[in-house]
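All of these numbers come straight from a predicted model, not from anything done at the bench. Protein chains get the first letters and strands the later ones, always in sequence-line order, with residue 1 at the start of each.
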2 protein chains.
Amino acid sequence: MECTEIKKFLNTNGIKNTKQRNLIYDILSSTKNLITAEDIYLKLINIDTSVSLSTVYRILDIFVDKGIVLKSNMIGTDKNVFEINHLEHEHHLICLKCKKVVHIENCPLTEFEHNVEKDTNFSITGHNLELYGYCPECKEK
Amino acid sequence: MECTEIKKFLNTNGIKNTKQRNLIYDILSSTKNLITAEDIYLKLINIDTSVSLSTVYRILDIFVDKGIVLKSNMIGTDKNVFEINHLEHEHHLICLKCKKVVHIENCPLTEFEHNVEKDTNFSITGHNLELYGYCPECKEK
DNA sequence: ATTGATGCAAATAATTTGCATGTAC
DNA sequence: GTACATGCAAATTATTTGCATCAAT
């Protein structure tokens, strides 16, 4: 979503368009990796000292709720991480040592999900897939 | 792993074979769903009143470390869940409403992982896949 | 003007740690 | 007997909440 689109989106969803919400949206947009609430907060206080961590959590909750942002849990650290919901479906490959994240464009699961739906009679709404291992640099050691 | 095998395994890995460790192993073995540390603790105090929650966490850490147990994070609740590492590779389908868990036997990712290894030059050691949606009962409503 | 958003501090929830005691080897 | 395991209580970490104030519509 473009920067101007997000403002309209917020308005049409009855969410006030505040400075904090726009800043957090901008930070998420310009972050390629998965980012924690704390790290968003740290970036924010470099821009504008009066922001609170609870506001970050509250805004992230709203964004997740509206589907603008995806929340997941970083393996190893018990922390939640966030990212913009790029609508092109994609997954992550995470280095267990340096925590580097690489985006994987194609997803092999669509057909698999259909088969599972038939087998189980569930209605499948999504999935969660992360690959992990060691990146070229870390695997040497 | 059989009940007797686990004892040998612990011994050969320099881990003392205690009552608590065996009880926790038994609970995990007989639990089909994903289970939290707290729920393991609750089952334990029904058997033997003097067990502590921190011991549960400590033992789970060891089991995860040795690869006997898998740890993951339940979507929606920010809690970690545990299960025996059945060596037959499998995944879960989780109902977002009632949290029912269904096991999915086959995994479509082996070939995909090889392709990603080639593309990225990572050494991939594993992956994390959960499907989610609504189960036959919950999807009606 | 009204309603919802924010900052701050305090509360909660999950997990971890320090330390004295207990137990397997 | 020694070294590691445990229970308990206290500490830590991530996240949430209450409430007075502030800002967007």
Inset, instruction - Take the protein atom OH of Y41(A) and the nucleotide atom C1' of dT15(D), then report the distance between them rounded to whole Å. - result: 14 Å
Legend entry - With E90(A) via side chain to side chain donor-acceptor pair (under 3.5 Å) - residues at least two apart: H103(A)
Legend entry - Pairwise 5' ranking along DNA chain C for I15(B) and I62(A), keeping only the more 5' one: I62(A)
Legend entry - Verdict with supporting geometry, Y25(A) and I68(A), side chain to side chain contact (heavy atoms under 4.5 Å, CB included): CA-CA 9 Å; Y25(A) 185 79; I68(A) 302 170; 3.7 Å; yes
Legend entry - Gap between atoms NZ and P, on K19(A) and dA23(D) respectively (whole Å): 8 Å
Inset, instruction - Report the C-alpha distance between I35(A) and I40(A) in whole Å, list the side-chain angles of each, state the deciding distance to 0.1 Å, and finish with yes or no for side chain to side chain contact (heavy atoms under 4.5 Å, CB included). - result: CA-CA 7 Å; I35(A) 187 170; I40(A) 292 173; 3.7 Å; yes
Legend entry - Under 4.0 angstrom between R21(B) side-chain N/O and dT6(D) OP1 or OP2: yes
Inset, instruction - Drop me the distance from I47(A)'s CD1 to K43(A)'s NZ, to the nearest 0.5 angstrom. - result: 8.5 Å
Inset, instruction - To the nearest Å, give me how far apart CE (M74(A)) and C1' (dA14(D)) are. - result: 15 Å
Inset, instruction - Using only side-chain N and O atoms of T18(A), determine if any of them is under 4.0 Å from OP1 or OP2 of dA5(C). - result: no
Legend entry - Separation of atom CD1 in I59(B) from atom P in dT16(C), rounded to whole Å: 14 Å
Legend entry - Pairwise 5' ranking along DNA chain D for N17(A) and A37(A), keeping only the more 5' one: A37(A)
Under 3.5 Å donor-acceptor pairs involving side-chain atoms of residues 124-137 of chain A, not counting sequence neighbours:
from, atom 1, to, atom 2, distance (Å)
T125(A), OG1, Y132(B), O, 3.3
H127(A), ND1, E113(A), OE2, 2.4
H127(A), NE2, H89(A), NE2, 3.0
H127(A), NE2, H91(A), NE2, 3.1
N128(A), ND2, E130(B), OE1, 3.3
E130(A), OE1, N128(B), ND2, 3.4
Y132(A), OH, H127(B), O, 3.4
E137(A), OE1, K100(A), NZ, 2.5

Inset, instruction - Check which hydrophobic residues are tied to L87(B) through side-chain heavy-atom contacts below 4.5 Å, counting indirect links as well, and list them. - result: none
Inset, instruction - Would you check if there is a donor-acceptor pair between the side chains of D39(B) and T36(B) at a distance under 3.5 Å? - result: yes
Legend entry - Protein-nucleotide distance (I40(B), atom CD1; dT15(C), atom P), rounded to Å: 11 Å
Legend entry - Side-chain N,O (Q20(B)) to OP1/OP2 (dT23(C)) below 4.0 Å: no
Legend entry - Under-4.0 Å side-chain N/O to phosphate OP1/OP2 contact, T55(B) with dT6(D): no
Legend entry - Short side-chain to backbone donor-acceptor contact, N22(A) and T18(A), under 3.5 Å: yes
Inset, instruction - Might you work through the side chain to side chain contact (heavy atoms under 4.5 Å, CB included) test for F82(A) and L28(A), ending with a clear yes or no? - result: CA-CA 8 Å; F82(A) 301 85; L28(A) 284 162; 4.2 Å; yes
Legend entry - nucleotides 16-22 of chain D: protein proximity per nucleotide (B base, S sugar-phosphate only, - neither; heavy atom, under 4.0 Å): BBB----
Inset, instruction - May I ask you to evaluate whether N80(A) reaches the phosphate of dA14(D), defined as a side-chain N or O under 4.0 Å from OP1 or OP2? - result: no
Legend entry - Five-pair end axes of the helix from dA1(C)-dT25(D) to dC25(C)-dG1(D) and the angle they enclose, rounded to 10°: 40°
Inset, instruction - Could you say whether T36(B) or S52(A) is positioned toward the 5' end of DNA chain C, judged by the nucleotide with the nearest heavy atom to each? - result: S52(A)
Legend entry - Short side-chain N/O contact to dA5(D) OP1/OP2 from K16(B), under 4.0 Å: no
Inset, instruction - May I have the distance from L23(A) (atom CG) to dA24(D) (atom P), rounded to whole angstrom? - result: 12 Å
Inset, instruction - Return the value, rounded to whole Å, for the distance between atom CG of L44(A) and atom P of dT6(C). - result: 11 Å
Legend entry - D78(A): partners by salt bridge (charged side-chain N to carboxylate O under 4.0 Å, His left out), with sequence neighbours left out: K71(B)
Legend entry - Rounded distance (Å) that lies between atom P of dA5(D) and atom CG of N22(B): 13 Å
